[in-house]
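Computed from a predicted structure; not experimentally measured.
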Amino acid sequence: MSHPPALPRTIRALCTLALVVASSALALAGDLQREVEALVAQSGLSKARIGVSVLDLSTGRALAEVDADQSLTPASNMKLLTSGAALLVLGEDFAFRTEFAIDERGAGRRVIVRGSGDPGLGDTELLSRGENPMSVEQMLGAIAKAFRTHGLEHATEIVVDDRIFDREYVHPTWPEDQLNRWYCAQVTGANFFTNCVDVYPAPSSRPDTPALVTIEPEAPWMEIDTSRSRTVTTGQNTVWVSRVLGTNRLALNNNVRNRPPEPIPVAIHEPNRFLGRLIAKGLVDERVAIGPAQDNISLEAALSAVRLAEPDEVLAGGTLVAVVRTSMQDVLSRCNTDSQNLYAECLLKRLGRESTGQPGSWTNGASVLRMLVAERLGSEFAQTLVVADGSGMSRENRVTPRLITAWLAMMRRADVGDTFVGSLATPGVGTLRKRFSEQRPESNVHAKSGYLFGVVCLSGYVVHPTSGRTVAFSVLLNDVPRGEQVARAQLMQEQVVIAIDRWLLANEPAQATAPASGG
């Protein structure tokens with residue numbers, strides 16, 4: 001393949017300068033509206049519904065709008081509203097707190113696990129980030145050892161108090177055929193390991209026989225049917241894992257040639273009870289008897305002694321043996337940078353709990369979020385908002401691009417603005433790790449992507465690299481056909497961001513440095 005001859009350095013510099021001057025002239029002429037309209041028109045997405053809002057936060061002026069008041073499904077852009085509202089209500093110093101205690105009231109001791117709705121408890125991503133990185137098994141072992149250190153040799157039962165949230169674990173509008181996927185993990189007041197198990201399939205020693213399987217966390221009571229899987233010596237892995245709804249019975253399906261580089265995460269049923277069983281196993285490993293008999297150290301007896309707190313049951317504080325905290329910063333990062341749905345749902349329910357004093361639910365969390373929008377932005381914005389869930393997994397959520405940019409502007413001005421902006425992904429990081437591969441903006445971009453079948457969204461901030469002048473944007477697309485149209489939609493969104501970047505660079509030039517004296 002031949003290449004054009006290289007231009008002399010001086011000519012290249014002059015050409016570059018001419019392009020910069022031309023770009024600046026267009027931007028200074030207020031051409032951003034026309035440029036965005038052209039990008040939408042030329043995107044080849046004629047069947048999609050597209051809404052765009054671009055807002056200059058320094059002046060409050062709309063720089064570009066295309067159907068900005070159109071009501072659209074936001075997918076994970078819903079997390080911008082949920083996480084922002086939670087940050088405003090709970091504060092940036094808030095931390096989820098899970099307590100492990102011994103209750104000595106009555107005839108015998110019992111173990112209490114008191115949940116706070118923490119989505120980060122046992123999350124391997126967070127465990128690996130800490131000052132003392134550990135595996136999930138090491139964490140469970142440390143909790144069990146803490147009970148043993150406090151003299152626990154026998155407990156009559158293990159009670160999981162998850163009542164900070166209601167027990168509607170699955171939103172009714174989530175797709176039933178995807179409820180075993182990690183992004184549809186159940187939501188409880190006592191979560192663990194993002195309410196999934198990691199399944200590790202591996203080939204057996206003989207072809208045409210069922211594959212082998214292990215899971216993390218280790219849970220020997222779980223049923224895993226491998227009869228539908230097959231060890232092969234040619235071709236690719238096609239293995240996948242199914243779960244019988246309403247149970248924790250798993251099945252390994254299709255071909256396994258080699259151990260996959262990454263585990264297969266599977267959302268589990270009743271993760272609150274599952275957490276209690278993991279604690280029971282850890283205590284048995286530490287030779288603690290669980291159940292009526294003080295001398296019966298068996299896993300079967302321990303598992304039978306695990307239960308959830310009754311709705312009106314009074315549980316004493318007890319003697320704390322361990323407390324696990326997850327900071328708001330970690331929760332926001334997992335929610336917005338990594339787009340972990342469970343984190344957003346826990347923030348929404350905790351928002352409801354904090355504001356109403358009742359168990360957090362999708363209903364009271366949604367009411368609080370709408371109320372905040374009305375208070376902070378005005379009733380006209382609240383009237384355009386439909387809140388079904390906190391993560392955007394539900395297709396019943398509705399927002400407008402104008403609402404998103406108004407919310408982003410308000411959050412940037414808030415006392416917690418730096419924390420909020422810092423929680424968003426940047427090009428090459430988190431959910432934007434593969435975005436802007438064609439061209440990187442010179443300004444700083446902090447944004448949230450969103451995707452469901454037919455829905456492609458991108459909203460966030462473009463921040464001038466030296467002055468800090470900020471533009472908020474929201475580009476929402478619905479009814480996008482599958483296939484290459486999704487890539488077209490993402491490219492168009494990135495082109496809008498690049499256009500905003502050019503506008504910022506032209507209208508907010510970097511401060512010139514004064515020459516040194518005598519120079």
Side-chain angles (χ1 to χ4, degrees), residues 74-96 116-120 123 125-126 165 171 183 185 187 191 194 326-355 360 362 364-373 375-377 381 385-394 397 399 403-426 429-432 445-451 457-461 472-474 476:
S76 280
N77 275 204
M78 192 70 193
K79 294 182 176 74
L80 294 168
L81 299 173
T82 303
S83 62
L87 188 54
L88 291 170
V89 171
L90 300 174
E92 56 190 350
D93 294 329
F94 173 83
F96 285 93
S116 63
D118 183 2
D123 182 350
E125 179 65 29
L126 297 184
F165 292 168
H171 197 278
Y183 50 79
V187 184
N191 309 289
T194 65
T326 304
S327 71
M328 177 61 87
Q329 285 74 17
D330 281 337
V331 171
L332 291 173
S333 173
R334 291 289 274 147
C335 176
N336 290 337
T337 295
D338 301 330
S339 204
Q340 258 279 353
N341 286 354
L342 175 64
Y343 281 73
E345 302 304 348
C346 288
L347 285 174
L348 186 71
K349 287 196 173 190
R350 188 59 196 250
L351 185 63
R353 166 70 179 195
E354 206 72 15
S355 300
W362 277 296
N364 59 25
S367 296
V368 174
L369 177 51
R370 285 193 299 270
M371 178 189 69
L372 272 172
V373 170
E375 288 178 354
R376 298 280 179 149
L377 304 183
F381 282 103
L385 174 64
V386 177
V387 182
D389 66 9
S391 67
M393 189 65 214
S394 173
N397 295 300
V399 302
L403 165 60
I404 293 290
T405 55
W407 180 262
L408 292 173
M410 179 275 297
M411 287 301 305
R412 189 68 189 94
R413 293 191 301 268
D415 292 340
V416 295
D418 289 344
T419 299
F420 179 72
V421 175
S423 74
L424 302 178
T426 56
V429 177
T431 54
L432 298 187
V445 174
H446 305 265
K448 183 76 201 71
S449 60
Y451 176 77
C457 300
L458 186 70
S459 302
Y461 303 97
F473 69 91
S474 181
L476 312 182

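Contact of the Leu424 side chain with the Leu80 side chain is registered, since non-hydrogen atoms from C-beta on lie closer than 4.5 Å. At least one side-chain heavy atom of Leu332 sits less than 4.5 Å from a side-chain heavy atom of Leu87. For the pair Gln329/Glu92, a side-chain contact is recorded, criterion being any heavy-atom separation below 4.5 Å from C-beta on. In this structure, Arg370 and Val386 have side chains that are not in contact, with every pair of non-hydrogen atoms separated by 4.5 Å or more. Considering only heavy atoms from C-beta on, Leu90 stays 4.5 Å or farther from Leu351 through its side chain. By the 4.5 Å heavy-atom criterion applied to side chains, Thr431 and Thr337 are not counted as neighbours. Residues Val187 and His171 form no side-chain contact, since every pair of their non-hydrogen atoms from C-beta on lies 4.5 Å or further apart. Side-chain contact between Phe165 and Cys346: present, with at least one pair of heavy atoms (C-beta onward) separated by less than 4.5 Å.
Defined by atom type and a distance below 3.5 Å, a donor-acceptor pair is missing between the side-chain atoms of Thr82 and Lys79. Ser83 and Asn336 form a side-chain donor-acceptor contact under 3.5 Å, judged by distance and modelled atom types alone. In summary, the side chains of Tyr343 and Asp338 do not present any donor paired with an acceptor at a separation below 3.5 Å, with no hydrogens or angles considered. Judged purely by distance below 3.5 Å, without hydrogens or angles, the side chains of Asn191 and Asp118 never pair a donor atom with an acceptor atom. Inspection of the Ser333 and Ser423 side chains reveals no N or O donor paired with an N or O acceptor under 3.5 Å.
Between Asn364 and Gly352, the closest heavy-atom pair is OD1-CA, 3.3 Å. The two residues Leu432 and Leu458 come nearest to each other via the heavy atoms CD2-CD1, 4.0 Å. Shown here for Asp389 and Leu348, the closest heavy-atom pair between the two residues is C-CD2, 3.7 Å. Considering every non-hydrogen atom in both Thr194 and Ala185, the closest pair reads O-CB, 3.6 Å. Leu126 and Thr326 get closest at one heavy-atom pair: CD1-CG2, 3.8 Å. Looking at every heavy atom in both residues, Ala86 comes nearest to Leu347 through CB-CD2, 3.8 Å.
Residue pairs meeting the salt bridge (Lys or Arg N to Asp or Glu O under 4.0 Å) criterion with at least one partner in residues 345-355, sequence neighbours excluded, are Asp166-Lys349, Arg350-Glu354.
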- Test side chain to side chain contact (heavy atoms under 4.5 Å, CB included) applied to Val399 and Asn77, step by step: CA-CA 9 Å; Val399 302; Asn77 275 204; over 6 Å; no
Contacts under 3.5 angstrom, residues 408-416 side chains, donor-acceptor by atom type, not counting sequence neighbours:
residue : atom : partner : partner atom : Å
Arg412  : NH1  : Asp418  : OD1          : 3.1
Arg412  : NH2  : Asp418  : OD1          : 3.4

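Separating the CE atom in Met393 from the CG atom in Leu342 is a distance of 13.5 Å, to the nearest 0.5 Å. With values rounded to the nearest 0.5 angstrom, Trp362 atom CH2 is found 14.5 Å from Ser367 atom OG.
Side-chain atoms of Asn397 never come within 3.5 Å of backbone atoms of Pro74 as a donor-acceptor pair (strictly under, hydrogens ignored). Between the side chain of Ser327 and the backbone N or O of Asp330, at least one donor-acceptor pair lies under 3.5 Å.
Partners of Trp407 by ring pair (Phe, Tyr, Trp, His ring centres under 6.0 Å), not counting sequence neighbours: none found.
Each of Ser391, Ser339, Ser459 was checked for a side chain to side chain donor-acceptor pair (under 3.5 Å) with Ser76, and the lone residue meeting it is Ser339.
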